[in-house]
Colleague: 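Here it is, the structure, as structure tokens.
Side chains included, hydrogens not; waters and symmetry mates left out as well; all remaining heavy atoms used. Chain identifiers are assigned alphabetically (A, B, ...) following the order of the sequence lines, protein sequences preceding nucleic acid strands; residue numbering begins at 1 within each chain. Every value quoted in this text rests on a predicted model; they were computed, and no experiment measured them.
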2 protein chains.
Amino acid sequence: MCGMADTIDYPQLALDDQICLPLYATSRAVTRRYADLLSEVGLTYPQYVCLLALWDADAPLAVGELGARVHLDSGTLTPLLKRLEQAGLVTRTRDAADERRVRISPTERGWDLRAQVADVPARLVAGLGVTEGDARTLRSLLDRLLTGLEAPAR
Amino acid sequence: MCGMADTIDYPQLALDDQICLPLYATSRAVTRRYADLLSEVGLTYPQYVCLLALWDADAPLAVGELGARVHLDSGTLTPLLKRLEQAGLVTRTRDAADERRVRISPTERGWDLRAQVADVPARLVAGLGVTEGDARTLRSLLDRLLTGLEAPAR
DNA sequence: CACAAAACTATTGCGTGCAATTGAATTGCG
DNA sequence: CGCAATTCAATTGCACGCAATAGTTTTGTG
């Protein structure tokens with residue numbers, strides 16, 4: 001009636017068949033759960049991820065190097081890092097050897113934070129009923145997807 | 001040296017061991033890829049997801065019902081739906097039987113759009129090297145995760 | 001050395017996400 | 001019926017994401 005087609009006519013657009021929606025919803029649900037745990041130390045989830053990368057690095061990372069590790073660009077990172085700087089958790093310093101670069105280093109308080117969030121991953125996973133094997137499977141699928149998605153789009 | 005602990009001391013915080021990051025990065029990569037395809041018809045990815053839900057529904061959805069399907073709340077949906085209304089793709093009407101509710105219906109142009117995006121899911125998956133089985137596994141894992149995450153946090 | 005191309009971070013503008021709050025409409029209970 | 005509790009959408013405020021652009025600095029080439 002009225003000429004409008006049923007979903008039957010577009011099975012590929014049925015909401016329940018989309019993979020993108022569970023991926024999108026789950027990712028945001030994880031971020032929300034992290035936000036609960038991280039609010040205790042005043043961090044957002046993207047800020048936490050950046051600190052993980054900085055803690056991991058052997059030397060102070062440039063903005064672009066950090067971005068490659070966390071898959072974010074300078075448009076997102078610059079203001080985020082300024083907020084971390086305001087919070088006294090990192091320093092931003094022009095690289096003397098290459099004045100285009102800005103190197104990010106955790107401050108002493110930034111390093112100290114690591115102990116305070118050490119239990120966050122375990123607390124997040126607790127009660128989710130995800131086994132170690134599930135986690136490996138999921139990681140493997142996501143890594144493959146991500147690689148394909150970040151390759152130049154033909 | 002300097003008293004700062006190595007990542008070795010916090011293995012659970014090693015960036016490469018986090019599942020949250022691939023999940024987060026992959027979800028955004030999918031959204032970006034959709035954005036490329038949807039820009040042709042002037043839609044953002046969340047707008048597209050909302051239209052999928054509206055197209056799927058048997059009757060005009062209230063904002064809250066739509067939100068339950070796409071996992072978004074009124075704080076996000078109200079402005080998004082106003083933009084879809086401005087674009088002439090949906091109407092927003094107070095429910096006469098319950099004036100608290102606002103019912104969302106695609107306009108004729110909103111229904112027409114369905115044909116224009118019919119090939120989007122296939123174009124997105126093309127070349128990603130993900131099999132039907134992979135997709136099922138991924139969906140199953142994500143659904144379980146999402147259920148656990150949206151359950152009240154103990 | 002000169003200078004165009006490339007690399008790199010910062011800025012702008014817009015659209016989410018989401019917690020918290022507000023305000024109106026409805027429900028449920030005495 | 002009366003009215004407090006609940007439901008619902010809208011608003012506010014803040015932090016992303018990201019495309020596009022701008023502005024420096026460096027690199028590569030003649």
Side-chain angles (χ1 to χ4, degrees), chain A residues 21 24-39 42-50 60-68 70-87 92-104 149-150 153, chain B residues 21 24-40 42-50 60-68 70-87 90 92-104 149-150 153:
Chain A
L21 183 54
Y24 176 60
T26 304
S27 172
R28 286 184 294 108
V30 167
T31 299
R32 267 195 310 276
R33 186 65 71 94
Y34 265 105
D36 284 341
L37 302 175
L38 294 172
S39 64
L43 288 179
T44 66
Y45 174 69
Q47 288 168 5
Y48 164 79
V49 171
C50 286
L61 295 177
V63 173
E65 295 168 336
L66 174 58
V70 300
H71 304 270
L72 290 168
D73 72 359
S74 73
T76 301
L77 288 176
T78 295
L80 183 156
L81 293 169
K82 284 184 178 177
R83 281 186 286 271
L84 286 181
E85 186 182 39
Q86 286 302 308
R92 301 166 59 246
T93 319
R94 284 277 159 196
D95 187 329
D98 183 346
E99 295 265 343
R100 290 173 304 183
R101 289 164 177 262
V102 171
R103 297 219 169 259
I104 313 297
L149 287 164
E150 294 195 333
Chain B
L21 182 55
Y24 177 60
T26 304
S27 172
R28 286 184 294 106
V30 167
T31 299
R32 266 195 310 277
R33 185 66 69 96
Y34 265 106
D36 284 341
L37 302 176
L38 293 172
S39 64
E40 299 173 9
L43 288 178
T44 66
Y45 173 69
Q47 289 167 4
Y48 163 79
V49 172
C50 286
L61 295 177
V63 173
E65 295 168 335
L66 174 58
V70 300
H71 304 269
L72 291 168
D73 72 358
S74 72
T76 301
L77 288 176
T78 295
L80 183 157
L81 293 170
K82 284 183 178 177
R83 281 187 283 272
L84 286 181
E85 187 182 37
Q86 286 302 308
V90 305
R92 300 164 60 246
T93 320
R94 283 279 159 195
D95 186 329
D98 184 344
E99 296 265 342
R100 290 172 304 182
R101 290 164 177 264
V102 170
R103 297 219 169 260
I104 313 297
L149 286 164
E150 294 196 332

Colleague: Check the distance between D:dA10's C1' and B:Glu85's CD and give it to me in whole angstrom.
Modeller: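 Nearest whole value for this atom pair: 14 Å.
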Colleague: Nearest to the side chain of B:Thr76, heavy atoms from C-beta on, is which of D:dT11, C:dT16, C:dC8?
Modeller: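 For the B:Thr76 side chain, the nearest candidate turns out to be C:dT16.
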Colleague: Rounded to the nearest 0.5 Å, how far does OH of B:Tyr48 lie from CG of A:Leu21?
Modeller: 10.5 Å
Colleague: Can you give me every donor-acceptor pair (side chain of residues 74-85 of chain B, partner residue at least two apart or in another chain, under 3.5 Å) with its distance?
Modeller:
{"unit_1": "B:Thr78", "atom_1": "OG1", "unit_2": "B:Ser74", "atom_2": "O", "d": "3.0"}
{"unit_1": "B:Glu85", "atom_1": "OE1", "unit_2": "B:Arg92", "atom_2": "NH1", "d": "3.2"}

Colleague: Roughly how many Å is it from CZ in B:Arg92 to P in D:dC8, rounded to a whole number?
Modeller: 17 Å
Colleague: Could you tell me how far apart B:Leu66 (CG) and D:dA10 (P) are, to the nearest whole angstrom?
Modeller: 12 Å
Colleague: Let me know the distance between CG of A:Leu77 and P of D:dC18, rounded to the nearest Å.
Modeller: 10 Å
Colleague: Can you name the residues that form a side-chain hydrogen bond (donor to acceptor under 3.5 Å, both in side chains) with A:Gln86, not counting sequence neighbours?
Modeller: none
Colleague: So, OP1 or OP2 of D:dC18: does either fall under 4.0 Å of a side-chain N or O from B:Arg28?
Modeller: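 Checking B:Arg28 against D:dC18: at least one side-chain N or O falls below 4.0 Å of OP1 or OP2.
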Colleague: Side-chain N or O of A:Thr78 versus OP1/OP2 of C:dT11: is the shortest distance under 4.0 Å?
Modeller: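 Result: no.
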Colleague: Using every non-hydrogen atom in the two residues, find where A:Leu38 and A:Tyr45 come nearest and quote the distance to one decimal.
Modeller: CD1-CA, 3.8 Å
Colleague: Name the nucleic acid region contacted by B:Arg103, choosing base, sugar-phosphate or nothing; use a 4.0 angstrom heavy-atom cut-off, strictly under.
Modeller: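 Here B:Arg103 touches no strand at all.
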Colleague: Choosing from C:dT16, D:dA15, C:dA10, which nucleotide comes nearest the side chain of A:Val63?
Modeller: C:dA10
Colleague: In terms of side-chain heavy atoms of B:Ala62, which of C:dC18, D:dA9, C:dT16 is nearest?
Modeller: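 Nearest nucleotide to the side chain: D:dA9.
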Colleague: Only counting residues at least two apart or in another chain, list the ones meeting side-chain hydrogen bond (donor to acceptor under 3.5 Å, both in side chains) with B:Arg103.
Modeller: B:Glu65, B:Asp95
Colleague: Between A:Arg101 and C:dT9, is there a contact of a side-chain N or O with OP1 or OP2 at under 4.0 Å?
Modeller: no
Colleague: Tell me the interatomic distance from A:Asp36, atom CG, to C:dC18, atom P, rounded to whole angstroms.
Modeller: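 Whole-Å distance recorded here is 11 Å.
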Colleague: Picking from C:dA19, C:dT16, D:dC16, which would you name as closest to the side chain of B:Arg83?
Modeller: C:dT16
Colleague: Using the salt bridge (charged side-chain N to carboxylate O under 4.0 Å, His left out) criterion, which residues pair with B:Arg94? Sequence neighbours excluded.
Modeller: none
Colleague: Rounded to the Å, how far apart are B:Leu80 CG and D:dA10 P?
Modeller: 12 Å
Colleague: Measure the distance from OH on B:Tyr45 to P on D:dA19 and round it to the nearest whole Å.
Modeller: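 Atom-to-atom, B:Tyr45 to D:dA19, this comes out as 16 Å.
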Colleague: Quick one: side-chain hydrogen bond (donor to acceptor under 3.5 Å, both in side chains) partners of B:Arg32, sequence neighbours excluded?
Modeller: none
Colleague: Under 4.0 Å: is that the gap between some side-chain N or O of A:Lys82 and OP1 or OP2 of C:dT9?
Modeller: no
Colleague: Please give, in whole Å, the distance from D:dC16 P to A:Leu43 CG?
Modeller: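 In whole Å, D:dC16 P lies 10 Å from A:Leu43 CG.
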Colleague: What string of B, S and - do you get for nucleotides 20-26 of chain C, 5' to 3', if B is base contact, S is sugar-phosphate-only contact and - is no contact with any protein heavy atom under 4.0 Å?
Modeller: -----BS
